[in-house]
Chemist: 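Pasting in a structure now, in structure tokens, and then I'll have a few things to ask.
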Amino acid sequence: RKEVEQDPGPFNVPEGATVAFNCTYSNSASQSFFWYRQDCRKEPKLLMSVYSSGNEDGRFTAQLNRASQYISLLIRDSKLSDSATYLCAVQTGANNLFFGTGTRLTVIP
Amino acid sequence: DTEVTQTPKHLVMGMTNKKSLKCEQHMGHRAMYWYKQKAKKPPELMFVYSYEKLSINESVPSRFSPECPNSSLLNLHLHALQPEDSALYLCASSQEAGGNTEAFFGQGTRLTVV
């Protein structure tokens with residue numbers, strides 16, 4: 001079983017839509033959780049860390065559900081510039097950071 | 001702009017060549033990583049250095065040899081690679097503090113083995 005599972009999409013949504021991505025992880029001892037954004041042929045860039053209490057950064061909201069072992073990312077009022085691949089990442093053990101397969105989002109005018 | 005710098009940005013090498021990828025960070029991070037990423041796949045962890053010591057080797061073939069000369073530098077020595085090793089090689093770094101492992105990536109080296 002993979003450490004981290006993620007729906008690869010693609011998700012095609014109109015501008016202004018709200019879209020949500022989920023990611024599940026297999027190791028209940030996982031300690032830290034992140035969402036990254038990766039544009040085509042670029043490196044992953046940290047979007048936000050995910051905390052147990054949930055956290056919000058502008059149009060982006062991340063949630064962690066330890067009981068069900070999943071994390072989520074909600075994007076409100078989608079912009080064309082949000083088009084990218086969104087990768088969840090889970091840290092298990094000392095510095096062992098694993099990535100999900102990534103979810104491709106395309107925001108359509 | 002990323003504060004993790006990787007060189008070269010692109011590399012084409014033959015199967016008998018020896019080359020090295022370089023990574024540098026000046027954020028005072030004490031953990032550094034090598035990842036390999038194939039097209040339309042997620043980054044796959046290869047090696048982790050913690051306080052300049054190799055802490056994780058994810059069963060990577062010996063034709064890839066990492067080296068951490070000091071806390072700011074990380075190298076990946078390549079020898080006798082195969083065409084299937086062609087990929088984007090990403091370096092990342094993170095602080096070592098109470099489980100905070102926000103990792104920051106360099107722009108990567110796009111490697112083609114011919």
Side-chain angles (χ1 to χ4, degrees), chain A residues 2-11 21 23-52 55 57 62 64 66 71 84-106, chain B residues 1-6 9-10 23 25 27 29-59 68 74 87-112:
Chain A
K2 289 183 182 176
E3 291 277 349
V4 185
E5 303 253 18
Q6 191 176 358
D7 180 353
F11 282 57
F21 308 132
C23 182
T24 58
Y25 59 95
S26 59
N27 190 332
S28 59
S30 298
Q31 299 159 277
S32 302
F33 309 87
F34 309 93
W35 282 101
Y36 282 79
R37 171 195 169 126
Q38 187 170 26
D39 292 286
C40 188
R41 300 182 71 80
K42 299 284 190 181
E43 77 276 19
K45 294 196 173 176
L46 181 67
L47 185 62
M48 56 201 307
S49 301
V50 188
Y51 305 117
S52 296
N55 47 308
D57 182 3
L64 166 63
R66 283 192 184 272
I71 62 173
T85 296
Y86 290 83
L87 296 152
C88 61
V90 175
Q91 185 240 340
T92 301
N95 301 115
N96 218 343
L97 188 65
F98 291 105
F99 285 84
T101 50
T103 300
R104 174 75 193 150
L105 171 67
T106 301
Chain B
D1 287 344
T2 182
E3 295 185 64
V4 179
T5 304
Q6 287 186 245
K9 288 190 168 43
H10 301 274
C23 176
Q25 58 87 14
M27 295 180 280
H29 289 174
R30 302 312 300 267
M32 295 186 76
Y33 312 73
W34 280 115
Y35 282 85
K36 171 182 176 179
Q37 187 175 27
K38 303 279 275 185
K40 299 189 192 302
K41 298 287 187 183
E44 292 178 14
L45 185 62
M46 299 175 72
F47 302 105
V48 181
Y49 272 82
S50 179
Y51 290 88
E52 299 158 53
K53 287 185 168 40
L54 183 64
S55 62
I56 295 172
N57 176 342
E58 288 287 323
S59 303
C68 189
L74 185 66
L88 179 67
Y89 287 85
L90 291 159
C91 173
S93 70
S94 66
Q95 285 182 324
E96 287 272 344
N100 174 11
T101 55
E102 289 182 343
F104 298 92
F105 284 83
Q107 291 180 320
T109 294
R110 195 161 295 280
L111 174 68
T112 304

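Below, read A as the first sequence line, B as the second, and so on, with proteins coming before strands; counting in each chain starts at 1. Keep in mind it's a predicted model, so treat the numbers as computed, not measured.
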Chemist: Can you see which heavy atom on G108(B) is nearest to which on Q6(B), and at what distance?
Modeler: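 Minimum heavy-atom separation between G108(B) and Q6(B): N-OE1, 3.0 Å.
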
Chemist: Which one of C40(A), G100(A), A89(A) has the most heavy-atom pairs closer than 4.5 Å to chain B?
Modeler: G100(A)

Chemist: Between R41(A) and chain B, which part of the residue has a heavy atom less than 4.5 Å away: side chain, backbone, both or neither?
Modeler: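 It is both, since atoms from each part get that close.
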
Chemist: Over all heavy atoms of both residues, which pair between L87(A) and G102(A) is shortest? Give the atoms and the distance, please.
Modeler: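 Here L87(A) and G102(A) meet closest at CD2-CA, 3.5 Å.
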
Chemist: Check the orientation of F21(A) and W35(A). Use parallel for under 30°, tilted for 30 to 60°, and perpendicular for over 60°.
Modeler: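 The rings of F21(A) and W35(A) sit tilted, inter-plane angle from 30° to 60°.
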
Chemist: Counting only non-hydrogen atoms closer than 4.5 Å, does Q37(B) touch chain A with its backbone (N, CA, C, O), its side chain (CB onward), both, or neither?
Modeler: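 Only the side chain of Q37(B) comes within 4.5 Å of chain A.
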
Chemist: For E58(B), which atoms come within 4.5 Å of any heavy atom of chain A: side chain, backbone, both, or neither?
Modeler: side chain

Chemist: Sort Q6(A) into side chain, backbone, both or neither according to what part of it lies under 4.5 angstrom from a heavy atom of chain B.
Modeler: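 Contact with chain B: none, neither part.
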
Chemist: Checking heavy atoms, do the side chain of A103(B), its backbone, both or neither come under 4.5 Å from chain A?
Modeler: both

Chemist: Checking side-chain contact (heavy atoms from CB on, under 4.5 Å) between F34(A) and each of L46(A), I71(A), V50(A), L47(A), which is the one that passes?
Modeler: L46(A)

Chemist: Can you see which heavy atom on K36(B) is nearest to which on K38(B), and at what distance?
Modeler: CE-CD, 3.9 Å

